[in-house]
Amino acid sequence: MEEKKLQELLNNMTEKEKLVQVFQLAACCYEEDFTPNFTGPMRDIQVDDTLKKTAGSVIGLLEPEEMQRLQKLCASGPNHIPALFMLDIIHGFKTIFPIPLGLACSWDTELMQKTCRVAAREARASGIHATFAPMADLVRDSRWGRVMESTGEDPWLNARFAEAAVKGFQGEGVGEKDSLMSCVKHFAGYGAAEAGREYNTVDMSRGVLRDMYLEAYHAAVEAGCRLVMTAFNTIERVPATCNKWLLTTLLREEWGFDGAVITDWNSMNELLAHSVAGDGKEAAGKALKAGVDIDMMSGHYLFDLGKKMEEEPELRPLLDQAVMRILRLKNEMGLFEDPGRGTDPKLARQLYLCEEHRALALEAAHKSMVLLKNERVLPLKKECRVTLAGSMAGAENLLGGWSFTGDAQDCITIPEGLKQIGANVAAPRHGWIDMDEVCALARQSDVTLLIGGEPVEETAEANSKTNLRLKEEDRKLLYSLKEQGSRVVLVVLSGRAFVLSDVEPYCDAILQAWFPGTEAGRAIADILYGIAQPEGKLTISFPYTEGQLPLYYNGFRTGRPQKEEALTGGEINEVDEIYVSHYIDCQNKPLYPFGYGLSYTDYAYRDLKLSSEYMYPGGTIQASVKVKNTGERVGREIVQLYLCDPVGSVVRPVKELKAYRLLELQPGEEQECIFTISEEDLKFWDNEEKKVLEPGRFIVMAGPDSERLLKSEFVYKLKKER
Ligand code: BGC
């Protein structure tokens with residue numbers, strides 16, 4: 001439909017019809033035996049036929065045939081405006097991929113894109129138009145349950161993953177029949193909830209917000225995502241849902257976003273609890289003025305905005321603007337011509353868990369795993385006698401949080417995976433943590449596989465916690481096994497970075513498996529037995545203790561750094577140092593740093609060289625480093641490049657990831673890895689909100705993780721000297 005026609009349509013709409021466009025109804029309201037059970041004002045909603053036929057958008061999912069019926073019904077109102085169907089499709093629809101935090105450890109953005117493409121295909125055929133993903137929130141604190149949904153603690157890497165996800169979901173464009181509109185969330189800074197406590201306050205300087213937190217949302221917008229979701233938290237003491245600077249000045253005027261802004265669930269109503277609005281009318285008015293187009297599940301636009309507009313008629317053009325944005329999205333998807341476009345129940349069922357999708361799920365699961373420790377015990381040999389134990393050994397749901405569209409029954413469990421590859425496994429009959437039986441079996445075995453971590457139910461939204469350790473029963477089992485001399489391989493299934501310092505000394509190997517998705521058990525078995533190789537590296541620091549949190553590799557230098565930190569970034573914990581920024585009972589360093597991960601082969605790094613000692617405006621510098629596979633297996637190494645700006649007009653981070661390469665190396669092979677450093681890599685946001693490049697020294701670091709780094713440096717000068 002042409003823009004002119006859309007405008008005519010808008011002109012023909014009554015105010016009531018407009019208010020319904022900016023409102024979102026839940027799919028369950030269309031079920032015959034529906035009784036409302038919502039939080040906030042929505043609890044009193046009366047769902048009559050007119051509302052059903054005119055709802056602007058719908059959240060939720062029913063069977064594909066039902067979705068088809070609803071899509072027709074929704075377009076049968078007086079103006080024949082189709083509805084947008086939205087849902088959280090976070091790491092797969094029916095075929096479930098590893099949780100995003102796990103996927104990120106592959107450092108493989110193409111893989112992220114492919115998994116989102118598959119999710120889009122399955123979901124669109126099932127009747128969904130938009131997904132509330134990616135979550136581009138940067139996270140430095142694993143107490144926060146939603147860390148599983150993030151890609152970690154690095155702004156630059158998060159940005160690469162966010163744009164890859166948008167490209168994957170939206171494919172060739174949202175006009176295609178197999179694409180979803182992507183909604184980046186939670187705008188902004190939701191990952192920085194104080195003390196890792198869900199829904200808690202966020203407060204930070206604008207410089208940090210811009211340099212660290214905004215980059216990934218911006219990348220998603222640049223990649224063309226059609227929706228942006230507001231966060232539950234405050235930014236500069238103003239809740240994101242009514243923050244005009246965020247939603248209009250930055251998002252629309254500076255970044256040029258032309259899609260629609262949707263609130264998070266009931267967050268417009270939370271403006272009352274936040275104490276920035278006295279009633280629903282005020283909340284609706286503030287949100288509209290700030291730039292919110294769609295109200296998710298508070299009902300204030302539908303119930304109260306009309307009354308507010310009577311008091312403030314100048315709000316009317318803003319409502320028109322919001323409606324127009326929504327109509328445009330529907331038009332972009334071709335829904336006016338065919339409200340059920342792309343919905344195809346038969347195709348959907350062919351796509352669900354098809355061979356191609358499962359193969360990708362297996363590849364993704366392999367690549368997501370991170371080997372944290374290996375004292376020459378892995379990979380296991382087929383004939384090796386293994387005892388399987390631990391609280392998570394029999395877990396049936398290894399899909400991870402935010403995977404309610406998937407079915408745990410489709411997930412390969414760990415016992416099934418081990419069976420599939422023909423492993424020689426003994427399992428206790430009286431329970432996975434029965435101490436006596438497990439220890440007795442372990443005495444007859446070569447290795448015990450202890451599967452620990454946290455149940456899926458302890459991860460994702462509303463699951464902040466302060467104890468990030470293995471369950472007590474697993475720890476006791478581990479200590480007893482070690483006492484009797486058994487060799488133990490610990491597999492950690494978790495949605496966050498765990499504290500493993502108290503168990504690490506007792507383990508011969510540790511594999512961080514996250515929640516691997518549909519192919520979980522098979523992927524874990526493949527990795528343990530060397531059928532596939534662990535190649536992932538952490539995108540979040542693993543703390544030594546919870547008391548260190550928040551903990552991240554790219555922090556600021558303090559005025560009293562530890563010795564090594566004074567140069568480029570925090571390594572040494574000198575016991576004789578006092579009055580420096582450290583703990584008296586714990587190291588500053590994490591147990592496992594950002595970027596860290598082992599494999600079944602080894603690598604040696606040498607000869608970090610720069611193409612010049614100087615860089616000038618318009619110029620670049622090549623940094624090269626030689627990487628050799630010194631082990632006996634073919635391997636894929638993630639070679640990382642960091643920069644540090646040692647003197648700035650504001651304090652600069654000790655190091656920042658700027659590039660990386662995935663290098664495939666044969667045993668004995670050495671390759672030179674070349675990175676191009678551009679002016680863009682040297683810039684940062686100053687306190688005047690300008691992105692600046694300040695002349696002076698820059699330190700270049702390359703290596704296998706954020707701590708073991710070769711160093712070199714150059715100077716950025718404004719003019720060449722004669
Ligand atoms: C979450 C969002 C999600 C929404 C809809 C909220 O509780 O914070 O991430 O997209 O619900 O399910």
Side-chain angles (χ1 to χ4, degrees), residues 23-29 37-40 42-43 55-62 83-93 99-101 116 119 123 128-139 144-151 158 162 165-166 169 180-193 196-202 216-217 220 225-235 239-241 259-271 273-274 287 292-299 400-406 457 459-464 495:
F23 164 80
Q24 186 158 67
L25 196 59
C28 56
C29 299
N37 181 22
F38 300 124
T39 43
M42 282 289 286
R43 83 175 73 82
S57 58
V58 180
I59 177 172
L61 179 72
L62 303 172
L84 282 172
F85 284 74
M86 307 191 187
L87 192 67
D88 295 274
I89 297 150
I90 308 299
H91 51 113
F93 185 71
I99 56 170
L101 190 56
C116 295
I128 298 297
H129 300 131
T131 173
F132 301 125
M135 183 181 103
D137 306 331
L138 182 138
V139 191
W144 195 47
R146 298 198 77 167
V147 60
M148 53 111 343
E149 221 185 315
S150 84
T151 48
N158 284 355
V166 174
F169 288 129
L180 291 177
M181 288 195 292
S182 164
C183 174
V184 69
K185 66 188 185 188
H186 305 85
F187 194 60
Y190 185 39
R197 183 155 56 80
E198 184 71 297
Y199 315 126
N200 201 7
T201 303
V202 169
Y217 310 108
C225 71
R226 307 309 295 130
L227 289 153
V228 171
M229 184 189 293
T230 67
F232 285 125
N233 53 272
T234 52
I235 286 290
T241 299
V261 171
I262 182 168
T263 70
D264 202 347
W265 186 281
N266 195 35
S267 69
M268 200 182 294
N269 188 45
E270 290 167 21
L271 299 182
H274 263 127
V292 168
D293 303 306
I294 306 173
D295 165 29
M296 183 198 291
M297 299 309 284
S298 91
W402 285 111
S403 59
F404 53 83
T405 49
E457 297 72 37
T459 71
E461 187 172 353
N463 282 303
S464 292

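In this text, all values refer to a predicted model and were calculated from it rather than measured experimentally. Every heavy atom of this structure was used, including side-chain atoms; hydrogens, water molecules and symmetry mates were not. Numbering of ligands and ligand atoms starts at 1, following listing order.
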CA sep, side-chain torsions, deciding dist, call: Ser150, Asp137, side-chain hydrogen bond (donor to acceptor under 3.5 Å, both in side chains) = CA-CA 6 Å; Ser150 84; Asp137 306 331; over 6 Å; no
Would you sort out whether Ser57 and Gln24 count as a side-chain hydrogen bond (donor to acceptor under 3.5 Å, both in side chains), showing the intermediate values?
-> CA-CA 5 Å; Ser57 58; Gln24 186 158 67; 3.1 Å; yes
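Here's the thing with Trp402: none of its N/O atoms is less than 3.5 angstrom from an N/O atom of ligand 1.
Counting only heavy atoms from C-beta outward, the side chains of Trp265 and Met42 never approach each other to under 4.5 Å.
Contact atoms of ligand 1 toward Trp265: 6 (C), 7 (O), 11 (O) (distance under 4.0 Å to a heavy atom of the residue). Counting the atoms of ligand 1 from 1 in the order shown, those under 4.0 Å from a heavy atom of His186 are 2 (C), 8 (O), 9 (O). Of all the atoms in ligand 1, the ones that sit under 4.0 Å from a non-hydrogen atom of Phe132 are 10 (O). For ligand 1, the atoms closer than 4.0 angstrom to any heavy atom of Phe232 are 7 (O), 8 (O). Atoms of ligand 1 found under 4.0 Å from any heavy atom of Lys185, numbered from 1 in the order shown, are 2 (C), 3 (C), 9 (O), 10 (O).
Under the side-chain contact (heavy atoms from CB on, under 4.5 Å) test applied with Phe132, the options Leu87, Leu227, Ile59 reduce to a single match, Ile59.
When the heavy atoms of Ile89, Asp264, Ile90, Ile59 are ranked by distance to atom 6 (C) of ligand 1, first place goes to Asp264.
For atom 7 (O) of ligand 1, the closest non-hydrogen atom of the protein is Glu461 OE1, 2.8 Å. Looking from atom 10 (O) of ligand 1 to the surrounding protein, the closest heavy atom is Asp88 OD1, 2.5 Å.
Within the 4.0 Å heavy-atom criterion, neither part of Met135 lies near ligand 1. For Arg146, every heavy-atom contact with ligand 1 shorter than 4.0 Å involves the side chain, none the backbone.
Within the 4.0 Å heavy-atom cutoff, Met297 does not count among the residues contacting ligand 1.
For the ring pair (Phe, Tyr, Trp, His ring centres under 6.0 Å) test, residues two or more places apart in sequence or in another chain that qualify with Phe187 are Tyr217, Trp255.
Between Tyr190 and Trp144, a ring centre-to-centre spacing shorter than 6.0 Å is recorded.
With hydrogens and angles ignored, the 3.5 Å screen pairs no side-chain donor or acceptor of Thr230 with any backbone N or O of Ala240. A donor-acceptor contact shorter than 3.5 Å links the side chain of His91 to the backbone of Gly401.
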